[in-house]
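Read the numbers this way: they start at 1 and go in the same order the structure lists the ligands and their atoms.
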Amino acid sequence: MSDSLFNFEEEDARARHKKLVAQIRHHDALYYQKDEPEISDADYDALRRELEDLESKHPELVTADSPTQTVGAAPARGFKKVRHSVPMLSLSNVFSEEDVGDFLDRIRRFLGLAENESVGIQAEPKIDGLSCSLRYENRKLVLAATRGDGQEGEDITANVMMISDVPIELPDEAPDMLEVRGEIYMRRDDFAALNKRQEEAGKQLFANPRNAAAGSVRQLDPAITAERPLHFFAYAVADDSVLSAKTQNDIISTLQQWGFVRAEPFDVCDNEDALMAYYQDILEKRPDLDYEIDGVVYKVNRKDWQERLGFVSRAPRWATAHKFPAEQAITRLKDIEIQVGRTGALTPVARLEPISVGGVVVSNATLHNEDEIRRKDIRIGDMVVIQRAGDVIPQIVRVLTDKRTGEEKEFPYPDHCPVCKSLAIREEGEAVRRCTGGLICDAQAVERLKHFVSRDAFDIEGMGTKVIELFWEKGLLHSPADIFRLEERNKELVCHSDPRESGAEESVASDKRSFAGAQDDNELRPLQEWEGWGEKSAENLFAAIQNRRTIELPRFIYALGIRQIGQATAKRLAGHYGSLEALKTAMDAAQDRESEAFADLLSIEDVGPAVADDLLGFFAEDHNREVLADLESFLTIETYEAPAASDSPVAGKTVVFTGTLETMTRAEAKAGAESLGAKVAGSVSAKTDYVIAGADAGSKLKKARELGVTVLSEEEWKQLIGRD
Ligand code: IVH
């Protein structure tokens with residue numbers, strides 16, 4: 001039964017109104033200011049609908065600042081999803097002059113350039129806004145999309161049409177198809193004025209210009225976006241082969257001629273000194289710029305070099321962001337708490353007296369591990385310098401020892417897990433202490449469940465960390481497969497608690513009000529009767545779970561939460577083995593370290609001996625195999641084919657490079673082959689499709705000949721992949 005069906009008396013209506021307004025404001029704040037909604041779009045809409053219904057029945061409750069009166073203030077939800085034609089990437093970061101030198105060295109090494117050869121780098125500001133991709137077809141803007149997860153964003157075309165820096169039409173010389181990438185941002189003065197207007201109207205204030213820009217493009221009503229002064233800087237073209245420009249700088253100049261705006265000041269630098277001079281200059285100009293920046297971006301200027309350099313995981317090798325130093329503040333360390341992660345790692349967390357650092361209130365900081373506490377001589381009660389940079393978790397930089405009163409207490413680092421009390425040990429050479437409780441440790445189990453449902457794993461809408469914790473406390477969840485048993489279990493609870501059966505109508509009604517997740521309630525009620533839940537939200541959750549019963553293999557592998565298996569590696573494993581069945585078979589065979597299967601596992605990019613150990617350890621554990629079998633009984637796990645980067649003739653082929661290559665470095669050859677969908681292996685076997693033999697090729701070439709594997713020269717390889 002939904003709450004909205006209650007027949008409210010006057011007083012109840014007033015109380016309900018107050019509660020609804022508070023709830024909607026709370027969710028608006030999470031959505032607008034933190035970009036971290038707690039409830040689904042549908043649930044949010046249901047709250048608003050209920051408020052509207054209530055106000056139409058009780059017009060005396062309508063106040064000027066009711067969310068129903070702030071026209072268009074409803075956050076736009078449910079934008080159409082769009083897949084990017086070329087993924088929207090992120091950038092790696094550098095923080096020091098030394099890092100900048102390393103970045104340039106890496107590029108030189110990859111391209112095989114001499115040490116003194118200059119690599120022209122275009123430097124420009126890194127704007128703190130939100131990235132956007134603009135698609136032009138026949139020179140007309142047809143689609144604008146947010147970055148989203150890089151693969152899939154939201155269609156914000158109607159709103160972006162309102163931004164004056166975005167040309168709606170391009171001149172005749174522009175190509176038929178063009179995708180321009182850039183940053184939507186709000187200027188500082190416009191941000192201040194907007195917040196003033198918000199305040200006067202009694203509306204939510206935005207935390208910073210970036211959130212204001214994000215909140216503004218997410219308006220369902222483009223007329224509101226039109227009133228919000230947004231701007232756009234263009235910084236890239238998705239597939240720039242459609243342009244005749246030969247350098248990054250020319251690409252952006254061309255865009256400028258077609259009506260786009262570029263971020264200034266920019267420069268093309270020839271060496272590290274010039275880059276550092278540019279960086280210093282911008283750092284000094286930063287306070288006077290009209291917009292907020294969080295660093296500068298360096299991009300290899302030559303396009304042909306960019307192409308050769310390609311990408312690693314989600315970032316280009318040819319670009320990096322040089323971040324500005326973190327902002328600092330001083331506060332008191334109130335306490336240190338130990339958190340236990342999904343792999344059993346004990347992490348100390350500093351609880352701080354809340355303090356604003358660069359506009360964000362900070363009350364927790366990471367302490368990394370026990371050595372860090374000892375090295376910095378951190379004691380409870382100390383005054384500490386904390387810093388935060390960008391989105392990273394705040395850190396304690398140092399202790400102000402001269403502020404000590406003698407009352408401060410050293411923190412005795414636990415050698416037992418604070419949750420399951422098992423011994424926590426530190427293996428040799430490891431910085432982290434780990435709980436040895438494994439499967440009996442509740443903390444690890446809960447963290448594993450949170451990971452399982454998280455955005456990049458099963459991504460079950462409405463099942464966030466709070467919900468997992470609550471269900472765990474109620475004993476509804478122990479292992480991941482229990483998630484798929486929830487609906488059935490809930491149905492059983494509905495039968496048991498049916499008042500007609502128990503004859504306890506009264507007590508059901510009163511229990512319902514007091515339930516509030518009560519721990520001592522022995523009898524579990526169906527979800528829709530818990531406080532904060534209704535028929536609709538329970539239904540939505542079960543539907544979201546049902547929805548994910550068919551799952552992509554990379555997500556499934558990642559969701560298992562195996563140590564060191566992040567998203568990128570999960571994808572590589574999925575691409576390499578293709579199905580869960582094949583993965584399991586291969587892992588069984590690879591338990592023998594002398595086997596072909598083990599060598600094959602190590603040939604996968606990102607999989608070294610340590611990663612292989614964790615992976616094989618996971619599959620060797622009986623309990624894990626039971627969990628897998630249990631999950632498989634509920635799920636359809638799709639087979640996976642690594643998307644061929646093109647319809648290239650080497651997609652899906654296994655190749656081995658051997659000997660000295662002349663026109664490219666080994667790293668470049670490997671990355672190039674992989675970008676075309678080929679698998680690059682370290683040793684020759686009957687499964688090898690091509691061996692590319694450079695000068696002085698030895699035993700691998702011999703083996704290839706013996707096995708009858710096709711051997712190509714470097715030239716022939718380049719012809720095959722169309723890069724001759
Ligand atoms: S280039 C492949 N240039 O920073 C190149 N990004 O941390 C991808 N950003 O998602 C980005 N200013 O939204 C580039 N001048 C700039 C930028 C910039 C801001 C953002 C962008 C990206 C994020 C990566």
For this session: Consider only side-chain N and O atoms of Lys303 and Thr247, and report whether a donor and an acceptor are under 3.5 Å apart.
Result: no

Exercise. Parallel, tilted or perpendicular: which fits the ring planes of His322 and Tyr279, with parallel below 30° and perpendicular above 60°?
Worked result: parallel

Exercise. For ligand 1, is Met88 a contact, meaning one of its heavy atoms is under 4.0 Å away?
Worked result: no

Exercise. Going by an N to O cut-off under 4.0 Å, is there a salt bridge joining Glu154 and Lys81?
Worked result: no

Exercise. Strictly by modelled atom types, are Glu179 and Ser85 linked by a side-chain donor-acceptor pair under 3.5 Å?
Worked result: yes

Exercise. At what distance is the nearest protein heavy atom to atom 24 (C) of ligand 1, and which residue and atom is it?
Worked result: Leu91 N, 3.6 Å

For this session: List for me each residue that meets ring-ring contact (aromatic ring centres under 6.0 Å, His included) alongside Phe452, sequence neighbours excluded, and say none if there are none.
Result: Phe458

For this session: Identify, for atom 21 (C) of ligand 1, the protein heavy atom at the shortest distance, and state residue, atom and that distance.
Result: Tyr235 OH, 3.1 Å

For this session: Please lay out, stage by stage, how Leu134 and Phe260 fare under the test side chain to side chain contact (heavy atoms under 4.5 Å, CB included).
Result: CA-CA 11 Å; Leu134 307 172; Phe260 292 94; 4.0 Å; yes

Exercise. Should the proximity of Lys299 to ligand 1, defined as any heavy atom under 4.0 Å, be assigned to the side chain, the backbone, both, or neither?
Worked result: side chain

For this session: Take every heavy atom of Ala236, measure it against each atom of ligand 1, and state whether any distance is under 4.0 Å.
Result: no

Exercise. Looking only at N/O atoms, are Leu130 and ligand 1 under 3.5 Å apart anywhere?
Worked result: no

For this session: Just need the protein heavy atom nearest to atom 13 (O) of ligand 1, so name the residue and atom and give the distance.
Result: Glu183 OE1, 2.5 Å

For this session: Would you please classify the geometry between the Trp717 ring and the Phe657 ring as parallel, tilted or perpendicular, with 30° and 60° separating the classes?
Result: perpendicular

For this session: Could you tell me which atoms of ligand 1, counted from 1 in the order shown, lie closer than 4.0 angstrom to a heavy atom of Leu89?
Result: 10 (O)

Exercise. Would you call Pro125 a ligand 1 contact, heavy-atom distance under 4.0 Å?
Worked result: yes

Seminar exercise, completed: Among non-hydrogen protein atoms, atom 2 (C) of ligand 1 lies closest to Pro316 CG, 3.6 Å

Exercise. Which residue holds the protein heavy atom closest to atom 4 (O) of ligand 1, what is that atom called, and what is the gap in Å?
Worked result: Lys126 NZ, 3.2 Å

Problem set entry | Residue Ile127 vicinity, atoms of ligand 1 by number, heavy atom under 4.0 Å | 12 (N), 19 (C)

Problem set entry | Shortest protein heavy-atom distance from atom 10 (O) of ligand 1, along with the residue and atom involved | Ser131 OG, 3.6 Å

Problem set entry | Ala158: partners by side chain to side chain contact (heavy atoms under 4.5 Å, CB included), with sequence neighbours left out | Pro222

For this session: Can you sort out which atoms of ligand 1 are near Glu124, meaning under 4.0 Å from one of its heavy atoms?
Result: 3 (N), 15 (N), 16 (C)

Exercise. Is Arg308 salt-bridged to Glu668, going by a charged N under 4.0 Å from an acidic O?
Worked result: yes

